[in-house]
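These values consider heavy atoms only, across backbone and side chains, with no hydrogens, waters or symmetry-generated copies.
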Amino acid sequence: MNLIIFDCDGTIVDSQHLIVAAMDRAFRLHDVPILPRATTLSIVGLSLNEAVARLIPNAEARLIEAVTQAYKDAFGELRQDPSNHEPMYPGALEAIQRLANRADTVLGIATGKSRRGVAALFDRMDLHKYFVTIQTADTHPSKPHPSMIRTAIEEASASAATTVMIGDTHFDMEMARRAEVAALGVAWGYHPVTELKAKGAHSIATRYDEIPDLVDRLLSPEAQP
(Lines give C-alpha, C1' and ligand atoms only; values in the text may rest on other atoms or scores of the structure.)
Protein backbone atom coordinates (compact mmCIF):
# COMPACT_ATOMS: atom_id res chain seq x y z
CA MET A 1 0.00 0.00 0.00
CA ASN A 2 1.32 3.44 -0.96
CA LEU A 3 1.04 6.19 1.65
CA ILE A 4 1.12 9.84 0.62
CA ILE A 5 1.52 12.17 3.59
CA PHE A 6 0.74 15.87 3.27
CA ASP A 7 1.80 18.74 5.44
CA CYS A 8 -1.01 21.25 5.97
CA ASP A 9 -0.05 24.95 6.33
CA GLY A 10 1.79 26.14 3.25
CA THR A 11 1.15 22.87 1.44
CA ILE A 12 -2.62 22.28 1.30
CA VAL A 13 -3.80 25.65 2.60
CA ASP A 14 -2.35 29.15 2.58
CA SER A 15 -2.57 30.23 6.21
CA GLN A 16 0.31 32.72 6.23
CA HIS A 17 -1.85 35.80 6.87
CA LEU A 18 -3.56 34.19 9.85
CA ILE A 19 -0.28 32.90 11.26
CA VAL A 20 1.46 36.27 11.04
CA ALA A 21 -1.54 38.22 12.37
CA ALA A 22 -1.96 35.86 15.33
CA MET A 23 1.74 35.91 16.18
CA ASP A 24 1.89 39.70 15.95
CA ARG A 25 -1.10 39.97 18.27
CA ALA A 26 0.46 37.53 20.77
CA PHE A 27 3.74 39.46 20.74
CA ARG A 28 2.02 42.81 21.29
CA LEU A 29 0.06 41.42 24.21
CA HIS A 30 3.30 40.45 25.96
CA ASP A 31 5.42 43.44 24.86
CA VAL A 32 7.62 41.36 22.58
CA PRO A 33 8.98 43.26 19.53
CA ILE A 34 7.16 42.35 16.31
CA LEU A 35 9.31 40.37 13.91
CA PRO A 36 9.55 40.65 10.12
CA ARG A 37 6.94 38.60 8.30
CA ALA A 38 9.57 36.34 6.72
CA THR A 39 11.02 35.54 10.13
CA THR A 40 7.64 34.48 11.48
CA LEU A 41 6.94 32.32 8.44
CA SER A 42 10.35 30.66 8.73
CA ILE A 43 9.14 28.65 11.75
CA VAL A 44 5.95 27.34 10.13
CA GLY A 45 5.93 23.57 10.41
CA LEU A 46 7.36 23.37 13.90
CA SER A 47 5.21 22.57 16.90
CA LEU A 48 3.89 25.84 18.29
CA ASN A 49 5.87 25.89 21.53
CA GLU A 50 9.10 25.13 19.65
CA ALA A 51 8.26 27.80 17.06
CA VAL A 52 7.72 30.48 19.70
CA ALA A 53 10.92 29.47 21.48
CA ARG A 54 12.88 29.95 18.27
CA LEU A 55 11.29 33.35 17.59
CA ILE A 56 12.17 34.69 21.04
CA PRO A 57 15.40 32.90 21.94
CA ASN A 58 16.68 33.22 25.50
CA ALA A 59 13.17 34.04 26.75
CA GLU A 60 12.06 32.49 30.01
CA ALA A 61 9.85 29.43 29.79
CA ARG A 62 7.01 31.37 31.39
CA LEU A 63 7.04 33.95 28.58
CA ILE A 64 7.21 31.28 25.89
CA GLU A 65 4.19 29.53 27.39
CA ALA A 66 2.27 32.80 27.68
CA VAL A 67 2.97 33.82 24.07
CA THR A 68 2.10 30.32 22.85
CA GLN A 69 -1.28 30.48 24.57
CA ALA A 70 -1.88 34.02 23.33
CA TYR A 71 -1.16 32.85 19.78
CA LYS A 72 -3.68 30.02 20.12
CA ASP A 73 -6.32 32.42 21.42
CA ALA A 74 -5.62 34.97 18.70
CA PHE A 75 -5.64 32.38 15.92
CA GLY A 76 -8.98 31.02 17.12
CA GLU A 77 -10.50 34.49 17.27
CA LEU A 78 -9.19 35.54 13.88
CA ARG A 79 -10.44 32.33 12.28
CA GLN A 80 -14.02 33.22 13.28
CA ASP A 81 -13.97 35.97 10.67
CA PRO A 82 -14.85 34.36 7.29
CA SER A 83 -12.48 36.77 5.55
CA ASN A 84 -9.59 35.16 7.44
CA HIS A 85 -10.23 31.57 6.36
CA GLU A 86 -7.24 29.67 5.03
CA PRO A 87 -7.81 29.05 1.30
CA MET A 88 -6.73 25.85 -0.40
CA TYR A 89 -4.02 26.25 -3.00
CA PRO A 90 -5.19 26.00 -6.62
CA GLY A 91 -5.44 22.38 -7.69
CA ALA A 92 -5.02 20.98 -4.17
CA LEU A 93 -8.45 19.38 -3.89
CA GLU A 94 -8.24 17.85 -7.35
CA ALA A 95 -4.82 16.31 -6.67
CA ILE A 96 -5.96 14.96 -3.30
CA GLN A 97 -9.05 13.43 -4.88
CA ARG A 98 -7.02 11.91 -7.70
CA LEU A 99 -4.59 10.26 -5.30
CA ALA A 100 -7.28 9.15 -2.85
CA ASN A 101 -9.19 7.42 -5.64
CA ARG A 102 -6.29 5.08 -6.39
CA ALA A 103 -6.92 1.54 -5.16
CA ASP A 104 -3.31 1.10 -4.03
CA THR A 105 -2.95 4.45 -2.23
CA VAL A 106 -4.02 6.02 1.06
CA LEU A 107 -3.43 9.55 2.29
CA GLY A 108 -2.22 10.99 5.57
CA ILE A 109 -1.45 14.27 7.31
CA ALA A 110 1.65 15.24 9.31
CA THR A 111 1.40 18.79 10.60
CA GLY A 112 2.51 21.19 13.28
CA LYS A 113 -1.13 22.20 13.63
CA SER A 114 -3.14 21.01 16.61
CA ARG A 115 -5.71 18.24 16.18
CA ARG A 116 -8.39 20.84 16.87
CA GLY A 117 -7.02 23.09 14.14
CA VAL A 118 -6.96 20.28 11.58
CA ALA A 119 -10.50 19.23 12.51
CA ALA A 120 -11.81 22.78 12.08
CA LEU A 121 -10.12 23.13 8.71
CA PHE A 122 -11.24 19.73 7.47
CA ASP A 123 -14.81 20.30 8.65
CA ARG A 124 -14.97 23.52 6.65
CA MET A 125 -13.46 21.99 3.52
CA ASP A 126 -14.97 18.50 3.83
CA LEU A 127 -11.55 16.81 3.72
CA HIS A 128 -11.88 14.17 6.45
CA LYS A 129 -12.98 11.47 4.00
CA TYR A 130 -9.71 11.59 2.08
CA PHE A 131 -7.25 10.90 4.91
CA VAL A 132 -6.85 7.64 6.83
CA THR A 133 -4.21 8.88 9.30
CA ILE A 134 -3.72 12.34 10.83
CA GLN A 135 -0.65 13.10 12.93
CA THR A 136 -0.41 16.44 14.74
CA ALA A 137 1.81 18.32 17.15
CA ASP A 138 -0.49 17.35 20.04
CA THR A 139 0.96 13.86 20.34
CA HIS A 140 4.39 14.01 18.68
CA PRO A 141 7.74 15.74 19.02
CA SER A 142 8.15 18.73 16.74
CA LYS A 143 9.30 18.28 13.17
CA PRO A 144 11.86 17.31 11.95
CA HIS A 145 11.61 14.38 14.38
CA PRO A 146 10.33 11.40 12.31
CA SER A 147 7.69 10.31 14.82
CA MET A 148 4.72 11.60 12.81
CA ILE A 149 5.74 9.76 9.67
CA ARG A 150 6.59 6.53 11.47
CA THR A 151 3.24 6.49 13.26
CA ALA A 152 1.37 7.28 10.03
CA ILE A 153 3.11 4.37 8.30
CA GLU A 154 2.11 2.04 11.12
CA GLU A 155 -1.52 3.21 11.15
CA ALA A 156 -1.80 2.90 7.36
CA SER A 157 -0.12 -0.54 7.23
CA ALA A 158 2.37 0.88 4.75
CA SER A 159 6.17 0.85 4.65
CA ALA A 160 8.88 3.48 4.36
CA ALA A 161 9.67 2.28 0.84
CA THR A 162 6.10 3.02 -0.30
CA THR A 163 5.67 6.38 1.46
CA VAL A 164 6.08 9.95 0.20
CA MET A 165 6.11 13.04 2.42
CA ILE A 166 4.87 16.24 0.72
CA GLY A 167 5.65 19.58 2.33
CA ASP A 168 6.70 23.17 1.88
CA THR A 169 9.33 23.55 4.60
CA HIS A 170 12.82 22.25 5.14
CA PHE A 171 11.49 20.72 8.39
CA ASP A 172 9.27 18.46 6.25
CA MET A 173 12.14 17.44 4.02
CA GLU A 174 14.44 16.68 6.95
CA MET A 175 11.67 14.74 8.70
CA ALA A 176 11.17 12.64 5.59
CA ARG A 177 14.87 11.90 5.32
CA ARG A 178 15.06 10.89 8.98
CA ALA A 179 12.10 8.54 8.46
CA GLU A 180 13.76 7.17 5.29
CA VAL A 181 10.84 8.02 3.01
CA ALA A 182 10.69 9.97 -0.25
CA ALA A 183 10.64 13.75 0.21
CA LEU A 184 8.60 15.86 -2.23
CA GLY A 185 8.86 19.61 -1.77
CA VAL A 186 6.38 22.17 -3.06
CA ALA A 187 7.45 25.53 -4.45
CA TRP A 188 4.41 27.56 -3.37
CA GLY A 189 4.90 27.41 0.41
CA TYR A 190 6.84 29.29 3.06
CA HIS A 191 10.45 28.10 2.66
CA PRO A 192 12.60 28.72 -0.44
CA VAL A 193 13.14 25.84 -2.84
CA THR A 194 16.87 26.14 -2.23
CA GLU A 195 16.29 25.26 1.45
CA LEU A 196 14.06 22.31 0.53
CA LYS A 197 16.75 20.91 -1.72
CA ALA A 198 19.46 21.54 0.86
CA LYS A 199 17.54 19.47 3.40
CA GLY A 200 17.05 16.53 1.07
CA ALA A 201 14.04 17.04 -1.20
CA HIS A 202 14.11 14.30 -3.83
CA SER A 203 11.92 16.37 -6.15
CA ILE A 204 10.06 19.69 -6.27
CA ALA A 205 6.50 20.31 -7.49
CA THR A 206 5.83 23.74 -8.95
CA ARG A 207 2.08 23.10 -9.48
CA TYR A 208 -0.40 20.79 -7.79
CA ASP A 209 -1.22 18.96 -11.00
CA GLU A 210 2.38 17.72 -11.09
CA ILE A 211 2.12 15.89 -7.77
CA PRO A 212 0.50 12.58 -8.84
CA ASP A 213 3.11 11.99 -11.54
CA LEU A 214 5.98 13.01 -9.25
CA VAL A 215 4.69 10.62 -6.59
CA ASP A 216 4.71 7.82 -9.16
CA ARG A 217 8.30 8.58 -10.09
CA LEU A 218 9.45 8.66 -6.48
CA LEU A 219 7.77 5.31 -5.76
CA SER A 220 8.91 3.61 -8.96
CA PRO A 221 11.36 0.69 -8.66
CA GLU A 222 13.97 2.76 -10.46
CA ALA A 223 13.86 5.40 -7.71
CA GLN A 224 14.37 2.93 -4.88
CA PRO A 225 17.89 2.57 -3.43
TODO: Verify the cluster assignment for L63 and Y71: are they in a single hydrophobic cluster under the rule of side-chain heavy atoms below 4.5 Å apart?
DONE: yes
Open item on the list: Less than 4.5 Å apart, side chain to side chain, heavy atoms only: is that true for H17 and R37?
Closed with: yes
Task: Contact summary for L18 and F75, nearest pair of heavy atoms - done: CB-CE1, 3.7 Å
- [ ] Under the side chain to side chain contact (heavy atoms under 4.5 Å, CB included) rule, what do L121 and R116 come out as? Steps first, then yes or no, please.
- [x] CA-CA 9 Å; L121 181 69; R116 180 181 178 184; over 6 Å; no
Open item on the list: Test of understanding: clusters of I, L, V, M, F, W, Y form through side-chain heavy atoms closer than 4.5 Å, transitively. Do V181 and L218 belong to the same one?
Closed with: no
Task: Salt-bridge present (R150, E154; N to O < 4.0 Å) - done: no
Task: Spacing of NE2 belonging to H191 relative to OG1 belonging to T169, to within rounding of 0.5 Å - done: 5.0 Å
TODO: Please report the shortest heavy-atom distance between A179 and I149, naming the atom on each side.
DONE: CB-CG2, 3.6 Å
TODO: Please step through ring pair (Phe, Tyr, Trp, His ring centres under 6.0 Å) for the pair F122 and F131, ending with a clear verdict.
DONE: CA-CA 10 Å; F122 279 21; F131 297 91; 5.3 Å; yes
- [ ] Could you give me the CA-CA distance, side-chain angles and deciding distance for R207 and E210, then say whether salt bridge (charged side-chain N to carboxylate O under 4.0 Å, His left out) is met?
- [x] CA-CA 6 Å; R207 303 187 314 272; E210 297 175 341; 3.3 Å; yes
- [ ] Group every Ile, Leu, Val, Met, Phe, Trp and Tyr by side-chain heavy-atom contacts under 4.5 Å, then state whether V13 and I134 land in the same group.
- [x] yes
- [ ] Taking only Lys NZ, Arg NE, NH1 and NH2, and the carboxylate oxygens of Asp or Glu, determine whether D7 and K113 approach each other closer than 4.0 Å.
- [x] no
- [ ] Given side chain to side chain contact (heavy atoms under 4.5 Å, CB included), test R54 with L46 step by step and report yes or no.
- [x] CA-CA 10 Å; R54 290 202 185 192; L46 294 173; 3.6 Å; yes
Open item on the list: Closer than 4.0 angstrom, basic N to acidic O: yes or no for E174 and R178?
Closed with: yes
TODO: Please answer whether the main-chain N or O of I64 pairs with a side-chain N or O of T68 as donor and acceptor at a distance below 3.5 Å.
DONE: yes
Open item on the list: I want to check something: taking the side chain as every heavy atom from C-beta on, are V106 and M1 in contact at a cut-off of under 4.5 Å?
Closed with: yes
Task: side chain to side chain contact (heavy atoms under 4.5 Å, CB included) evaluation trace for I5 with T163 - done: CA-CA 7 Å; I5 305 174; T163 297; 3.8 Å; yes
Task: Between CG on residue L55 and CD on residue E50, distance to nearest 0.5 Å - done: 10.0 Å
TODO: Specify the closest pair of heavy atoms between H140 and T151, including all atoms of both residues, with the distance to one decimal.
DONE: CE1-OG1, 3.2 Å
- [ ] Please answer: with hydrophobic residues joined when any side-chain heavy atoms are less than 4.5 Å apart, are L214 and V193 in the same cluster?
- [x] no
Open item on the list: Apply side chain to side chain contact (heavy atoms under 4.5 Å, CB included) to residues R25 and E77 and explain how you reach the verdict.
Closed with: CA-CA 11 Å; R25 184 180 293 189; E77 291 171 9; 3.0 Å; yes
- [ ] Answer yes or no: is there a side-chain heavy-atom contact under 4.5 Å between I96 and L107?
- [x] yes
- [ ] First locate atom CD1 of I204, then atom CG of L196, and finally report the distance between them rounded to the nearest 0.5 Å.
- [x] 4.5 Å
Task: For M173 against M165, the heavy-atom pair lying closest together - done: CE-O, 4.4 Å
Open item on the list: Donor-acceptor pair, distance only, cut-off 3.5 Å: does the side chain of D168 make one with the backbone of Y190?
Closed with: yes
Open item on the list: Side chains of Y130 and N101: any donor to acceptor distance under 3.5 Å?
Closed with: no
Task: Among L41, T40, D9, side chain to side chain contact (heavy atoms under 4.5 Å, CB included) partner for Q16 - done: L41
Open item on the list: Are I109 and T133 packed together at the side-chain level, in the sense that at least one heavy-atom pair is separated by less than 4.5 angstrom?
Closed with: no
Open item on the list: Under a 3.5 Å distance rule, please check whether W188 uses its side chain to pair with a backbone N or O of T206 as donor and acceptor.
Closed with: no
Open item on the list: Could you check whether D138 and S114, counting side-chain N and O atoms only, form a donor-acceptor pair closer than 3.5 Å?
Closed with: no
- [ ] Give, for atom CE of M148 and atom OG of S47, the distance between the pair rounded to the nearest 0.5 Å.
- [x] 5.0 Å
TODO: Please work out whether the ring planes of F6 and Y208 are parallel, tilted or perpendicular, with thresholds of 30° and 60°.
DONE: parallel
- [ ] Considering non-hydrogen atoms only, spot the tightest contact between G185 and A201 and give its length.
- [x] N-CB, 4.4 Å
Open item on the list: Any non-hydrogen side-chain atom of K72 less than 4.5 Å from a side-chain atom of Q69?
Closed with: yes
- [ ] May I ask you to decide if S147's main-chain N or O and H145's side chain share a donor-acceptor pair within less than 3.5 Å?
- [x] yes
Open item on the list: Just verifying a value: how many Å separate I56 CD1 and M23 CE, rounded to the nearest 0.5 Å?
Closed with: 8.5 Å
Task: Crowding at CD, E180 (>12 non-hydrogen neighbours, <6.0 Å) - done: no
TODO: Would you tell me whether T162 and S159 have side-chain atoms, one donor and one acceptor, within less than 3.5 Å of each other?
DONE: yes
Open item on the list: Rounded at 0.5 Å granularity, tell me how far CG in L184 sits from OG in S203.
Closed with: 5.5 Å
Task: Heavy-atom closest contact (K143 atom, G45 atom, distance) - done: CD-O, 3.2 Å
Open item on the list: Test your reading of the model: is there a side-chain donor-acceptor pair from R124 to the backbone of E86, 3.5 Å cut-off?
Closed with: yes
- [ ] For residues H128 and D123, determine if any side-chain heavy atom of one lies less than 4.5 Å from a side-chain heavy atom of the other.
- [x] yes
Task: D172 and R177 ion-paired at < 4.0 Å - done: no
- [ ] Kindly work out whether a path of hydrophobic side-chain contacts (I/L/V/M/F/W/Y, heavy atoms less than 4.5 Å apart) joins I166 to I12.
- [x] yes
